[in-house]
Structures are given as structure tokens and as C-alpha cells.
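Here the structure is laid out as C-alpha cells; the discussion comes afterwards.
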Amino acid sequence: MTTLIKLEIIRALRNKKFMFFSVIYPPVLYLIIAGGADSRPIPGMQLNMGLYFMVSMAAFGAMTAVLLGNSERIAKERENGWVRQLRLTALPGRGYVAAKMAAAATVSLPSILLVLLVAAVVKGVRLEAWQWLAIAAGTWLGSFVFAALGVAIGYLATGDAVRPIAMLCYFGLAFLGGLWMPLTFLPQWAQNVAEWLPTHAYAALGTAVEGGSAPHLKDMAILAGYLLVFAGGAAWLYRKDTRKA
Amino acid sequence: MTTTATTTAAPAEGAKRAPVVSFRQVTKSYGAVRAVADLDLELYPGETVALLGPNGAGKSSTLDLLLGLRTPDAGGVTLFGTTPQRAIEQGRVGAMLQSGGLMEGVKVRELVKLARDLHPRGYPLDEILASAGITDIADRMVDKLSGGQEQRVRFALATAGAGDLIVLDEPTTGMDVSARQAFWGAMRGQARQGRTVLFATHYLEEADEVADRVIVLHRGRVLADGTAAEIKARAGARRIAFDLDEPVDREALGALPSLTSLEISGRTVRIQSRDADATVHALYGLGCYPRNLEVSGLGLEQAFIALTTASDASTTGSTEQEGGAGR
């Protein structure tokens with residue numbers, strides 16, 4: 001099982017094109033959105049645009065790398081029969097899911113760090129050392145939830161359906177979770193829904209730290225719950241997949 | 001059932017041992033298509049068995065059921081006395097599927113090492129590479145291999161776990177003649193180590209060269225089960241056709257020696273026989289005067305058809321439609 005995890009990580013690092021765009025895209029998007037913003041607090045919040053979007057773009061970038069990358073690659077591996085071959089080994093379902101998540105996390109970490117770096121250098125964001133560490137670690141660990149969702153989507157959908165379904169989850173979750181614009185800009189009903197979405201809880205980890213406190217327990221519980229459902233579902237689908245893709 | 005070639009040929013010593021693979025009345029349908037029908041099958045330790053049949057005979061479905069990749073609609077499959085899933089988890093099975101792909105973006109050596117490490121009892125990597133004949137391409141990327149090289153890598157994956165049962169689905173597809181020979185050499189090496197080998201093929205020659213038992217599948221059923229020599233005798237059957245002036249005596253014709261199938265349409269008679277000389281001789285002995293007598297050999301395809309016709313005749317009592325489809 002550790003061999004598979006290592007090999008998946010090596011493979012992710014070798015895929016230079018995917019690596020490059022996954023890493024470059026979030027900081028560029030950050031600069032486009034928050035680049036010209038002043039340092040006044042966002043209406044209804046304590047944080048300004050630079051701070052708010054540092055966390056949400058780091059989260060959004062990590063989500064891009066792990067969710068889209070995973071779902072498409074897995075669907076492809078099911079189609080070419082590699083997953084069938086893998087099922088004929090003693091590998092348990094959780095091993096497969098763990099390896100995919102590890103590979104995804106390898107790609108998401110540099111993209112998160114780069115967003116934080118750009119925020120500090122270009123936008124002059126200043127935080128305590130513990131805050132930087134907590135935001136980086138929280139955003140990285142939180143990306144595992146979406147990596148697991150990516151695996152599950154790769155298993156639920158086949159062929160041409162994978163990309164639209166992954167895109168729908170990706171944009172829907174990003175938008176409703178407040179990754180693109182602060183939730184206070186959205187109508188009340190959307191805010192009510194957002195509170196229970198993994199993306200909102202994900203970004204809230206970082207914004208809580210920026211506000212000077214520890215991440216809220218509720219957000220961590222929500223993320224842990226989604227992780228359990230997504231990863232468990234993915235492992236179950238891996239073992240149950242008897243269809244000939 | 002007198003005209004079918006079903007001779008159960010479990011080796012004498014094998015009968016005492018527990019079977020490696022056991023199918024009991026297994027049925028599997030996809031929609032209206034019956035891929036496997038009431039299949040009974042047992043493989044014994046150390047056997048090298050060829051699963052022979054034309055495309056669509058149910059070979060791949062049988063292997064899928066055997067490996068637990070599909071579940072039967074009825075009946076049961078056991079490997080080493082347990083479920084396929086359990087046997088695979090115990091590392092007792094290595095398989096090379098037609099539909100099995102390879103992981104992309106990795107080197108051959110890395111992939112084989114992965115397969116080895118995923119089985120509880122793999123053996124040294126260099127030995128696996130050498131026995132599959134891929135030492136020279138070990139550092140190539142998997143995506144850059146030719147079809148024949150890919151097949152050899154698949155074989156390495158199937159053998160990397162040192163399983164007791166090796167299952168190969170049309171393993172030589174895409175190989176040239178010399179690659180084929182090297183491949184079967186490697187496979188014999190596996191068999192010599194006491195492994196049970198089951199491979200699906202549609203080449204009679206392959207079955208003949210390597211297998212000590214051949215199972216012919218057609219429409220999801222076992223049509224013939226015996227040594228390669230026995231099956232070859234079937235493939236060597238001859239076709240006899242003639243017209244009769246006098247009314248046809250079906251019963252007398254049916255009693256001709258060495259007959260494997262009989263087909264009568266009007267006054268034209270078509271016979272398949274294991275021994276054309278004896279059959280024709282006896283035909284004259286009946287007092288018949290066959291006109292336009294033709295005796296011709298059967299190819300492999302026709303041998304399958306011969307077996308099928310015989311099988312259908314024994315179940316439906318009619319000899320017409322299947323022979324018609326075969327012409």
C-alpha cells in the first residue's frame with residue numbers, strides 16, 4: 001500500500017503540465033481579484049479583501065488541483081482497465097483512496113504556499129507566525145476532503161459525464177461556499193445553505209485564524225463528516241465497481 | 001448426448017485433491033444474452049488448462065466470474081475452497097486480463113514492483129522481470145511500449161505475486177511469432193513451479209502446445225473437455241456430403257460408425273465423421289448408392305461448428321438449423 005502511495009506521488013510530480021497549471025493558477029487568480037482592492041474591511045466582516053481572498057483562493061486552488069485532477073484521472077483509469085487490474089491484487093479499497101488523496105495533496109501543497117507567498121509579498125499581508133502555519137496546514141488538510149470527493153466522482157460517473165459533474169460540484173461548491181465572493185454579498189437563503197457546505201467550512205478554517213482565533217469546532221466537525229462520507233463512499237465504490245467501463 | 005464430445009478428463013490423482021477452481025451450475029446473463037449457462041467446471045492443482053472457444057463463447061465472462069469481477073446470477077464459484085475475493089486478498093491468484101489496463105506515467109520496473117508489493121508473497125523483482133523477459137525494458141515508461149511489450153508487462157504483473165493460480169485472458173494478442181514462443185516458454189516455467197495455469201485463447205495451436213487439458217466453451221457451456229489430442233481429433237473430423245436417390249432412412253444413417261453429426265435436407269445428406277473411411281465404407285454396406293460424394297476436412301471454425309451442431313442436436317432433436325448456419 002505504501003508502494004502505491006509513493007508511486008502515485010511520483011506520478012503526480014512527473015506530470016509537469018498539470019503540476020504547473022495547478023500551482024500557477026490560484027495565485028494568478030488571487031492577484032486578479034484582490035490585486036487592486038484597498039485594505040478596508042469587507043462590509044459585514046472584519047477582514048479586508050487581501051486577507052479574505054488569500055484564504056479563499058488558497059482553498060479554491062487546492063480544490064481545483066485535487067477535485068478536477070482526481071475525478072478525471074480516475075475515470076480514465078477505470079476506462080483503460082487499470083482499476084480492474086488493481087482489483088485483482090490484495091489492495092484494500094481504502095488503500096486506493098488513500099493513494100489518490102496523497103497524490104492530490106502533493107499537488108495542492110505548493111499551490112497553497114504560493115498563494116500565501118504572493119499575498120505576503122504583493123499585497124503586504126502580515127500575520128503572526130502561528131497564523132501562517134495554521135492557515136497553510138488547515139488549508140492543506142482541508143483539501144483532503146475534496147480529494148476524496150474527486151475520487152468518489154471518478155467512480156460515480158463514467159466517460160463523458162465525469163467532467164460536467166466534476167465541474168458542477170466544483171463551481172457550485174466554490175460559489176455557494178463563498179470562495180469567489182464573501183457570503184455577506186449573497187441572499188440570506190444562500191447563506192443558510194452555505195453554512196453546511198464543505199467549502200464554506202473549509203475557508204472558514206483560515207478566516208477564523210486570520211481573525212486571531214482557532215478554527216471553529218463546528219467547521220472542523222463539518223469537514224470531518226464530509227471527509228468520512230466522501231472517502232468511505234469512494235472506497236466502497238472502488239470495491240463495488242463491477243461494471244466494465 | 002451420444003454425439004457430444006464431453007469426456008470429463010480430470011486427472012486420476014487430481015480427483016483426490018481439492019479443486020483449485022470450482023464452478024457449480026453457474027449462470028450469468030447480460031440482459032437477454034446468456035453469457036454463461038449452467039457451467040460446471042473444476043480445475044486441479046498443477047494443471048495447465050486452455051479455455052478454448054470462438055469470440056463470444058463466454059471465455060471472458062467465465063474468467064470474470066472466476067476472479068470475482070462479476071457475480072453469478074445463479075450457482076457458485078469457489079477458489080481454493082473460498083470466495084474469489086478472499087482468495088485474491090490472500091494473494092493466491094495472479095491474473096492478466098484482456099480488459100486490464102496499465103498505470104500510465106510510471107516506469108515498467110515501478111509498476112512491477114507495485115504489483116509485487118501489493119501481494120502478500122512476492123519474490124525478487126529482478127527474477128520477475130527476467131522470467132517475463134522484460135529486463136531490457138524495465139526503465140521504459142509504460143506509455144511508450146508496443147503491444148507485445150505491454151502483454152509481457154501484464155504477464156509480469158500476473159506472476160509478480162507468486163500466486164498458486166495464474167489466469168491469462170488471450171495473453172498473446174498483439175505478439176509476433178517469436179514473442180509468442182518466448183511468452184509460452186515463460187508460462188511453462190510458471191507451470192513447472194507447480195502453479196495452476198488457466199488461459200483463454202481462440203488458437204487451437206496454442207492450446208495444443210502448452211495445455212495438458214483443453215476445455216471448449218460455446219454459448220457459455222462446456223462442449224468438450226479433454227486432452228489437446230482428443231480435441232484435435234475433433235478438429236480433424238471430416239465432412240461427408242452426398243445425395244441419395246432412394247428415400248432416406250434417418251435411423252440407419254444415424255447408426256453409421258464414427259458419426260458426429262447428421263444433417264438431412266430433402267435427399268441431400270451431410271455427415272461429420274471422425275473416420276471418414278469407415279463411415280463411407282459402412283454407407284456402402286447399407287446398400288446405399290451415394291451420388292456426388294464429397295469428403296472434405298474441417299478447419300478449426302468448422303470443428304467448433306461440428307461440436308455446436310452435435311450439442312444442439314442432442315438437446316433439441318433437430319439437426320437442421322445449426323448446420324445451415326454453419327455453411
Side-chain angles (χ1 to χ4, degrees), chain A residues 1-20 69-70 72-100 102-104 106-107 154 158-159 235-245, chain B residues 28 30 35 60-61 63-72 79 84-107 109-122 125 141-143 150 153-154 157-158 160-161 163 165-167 169:
Chain A
M1 190 164 135
T2 50
T3 312
L4 180 62
I5 293 174
K6 271 189 230 156
L7 200 55
E8 287 283 7
I9 291 175
I10 290 174
R11 202 150 77 111
L13 291 175
R14 271 192 199 140
N15 193 344
K16 296 206 176 58
K17 256 183 263 170
F18 181 71
M19 194 77 191
F20 179 77
N70 253 357
E72 280 199 29
R73 195 162 311 155
I74 287 161
K76 208 175 136 201
E77 282 182 7
R78 282 175 62 212
E79 256 158 61
N80 86 2
W82 167 244
V83 173
R84 262 168 95 72
Q85 188 69 47
L86 209 51
R87 273 161 51 84
L88 298 176
T89 66
L91 178 77
R94 67 189 144 78
Y96 179 81
V97 178
K100 286 291 171 201
T106 310
V107 183
T158 46
W236 183 74
L237 287 166
Y238 167 75
R239 272 290 154 199
K240 282 283 156 198
D241 185 28
T242 53
R243 282 167 299 177
K244 210 172 204 164
Chain B
K28 179 75 187 175
Y30 308 120
S60 291
S61 293
L63 296 186
D64 280 357
L65 290 164
L66 188 152
L67 295 166
L69 291 172
R70 290 173 192 278
T71 40
L79 300 189
Q85 285 84 359
R86 288 277 309 148
I88 285 167
E89 278 161 26
Q90 289 163 3
R92 306 198 71 172
V93 186
M96 167 174 172
L97 296 173
Q98 230 184 333
S99 55
L102 299 173
M103 190 193 228
E104 288 170 4
V106 297
K107 289 176 183 157
R109 182 192 303 279
E110 293 167 337
L111 190 61
V112 176
K113 181 177 185 301
L114 172 67
R116 196 268 315 263
D117 290 352
L118 286 177
H119 282 97
R121 42 176 182 172
L125 195 58
M141 296 298 283
V142 165
D143 328 39
E150 249 181 52
V153 172
R154 287 208 180 96
L157 298 183
L165 170 68
I166 309 279
V167 179
D169 192 1

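Treat the numbers as computed from the prediction; the structure is a model and nothing was measured. Numbered from 1 within each chain, the chains take letters A, B, ... in sequence-line order.
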Highest number of heavy-atom pairs under 4.5 Å with chain A among Val93(B), Leu114(B), Asp117(B), Val167(B) belongs to Leu114(B)
Distance col, row Leu67(B):CG vs Leu88(A):CG, nearest 0.5 angstrom, shows 5.5 Å
Chain B shares the most heavy-atom pairs under 4.5 Å, among Leu86(A), Thr2(A), Leu4(A), with Leu4(A)
By side chain to side chain contact (heavy atoms under 4.5 Å, CB included), Arg86(B) pairs with (sequence neighbours left out) Thr82(B), Thr83(B), Glu89(B), Gln90(B)
Between Arg84(A) and Asp64(B) the two heavy atoms that sit nearest each other are NH2-OD1, 2.9 Å
When the 4.5 angstrom heavy-atom criterion is applied to Val106(B) and chain A, the contacting part is both
Evaluation steps, side-chain contact (heavy atoms from CB on, under 4.5 Å), between Lys113(B) and Lys6(A)
CA-CA 12 Å; Lys113(B) 181 177 185 301; Lys6(A) 271 189 230 156; 5.7 Å; no
Atom CZ of Arg94(A) with >12 non-hydrogen neighbours under 6.0 angstrom: no
Evaluation steps, side-chain contact (heavy atoms from CB on, under 4.5 Å), between Glu110(B) and Arg11(A): CA-CA 10 Å; Glu110(B) 293 167 337; Arg11(A) 202 150 77 111; over 6 Å; no
**Asked** Would Leu111(B) and Trp82(A) count as a side-chain contact (heavy atoms from CB on, under 4.5 Å) if you check the C-alpha gap in whole Å, the side-chain angles of each, and the deciding distance to 0.1 Å?
**Response** CA-CA 11 Å; Leu111(B) 190 61; Trp82(A) 167 244; 3.5 Å; yes
On a heavy-atom basis, the closest approach of Leu97(B) and Gln85(A) is N-OE1, 3.9 Å
Here the salt bridge (charged side-chain N to carboxylate O under 4.0 Å, His left out) pairs for residues 92-105 of chain B, sequence neighbours left out, are Lys76(A)-Glu104(B), Arg92(B)-Asp164(B)
Decide side-chain contact (heavy atoms from CB on, under 4.5 Å) for Gln85(B) and Arg87(A); before the verdict, give the C-alpha distance in whole Å, the side-chain angles of both, and the deciding distance to 0.1 Å.
CA-CA 9 Å; Gln85(B) 285 84 359; Arg87(A) 273 161 51 84; over 6 Å; no
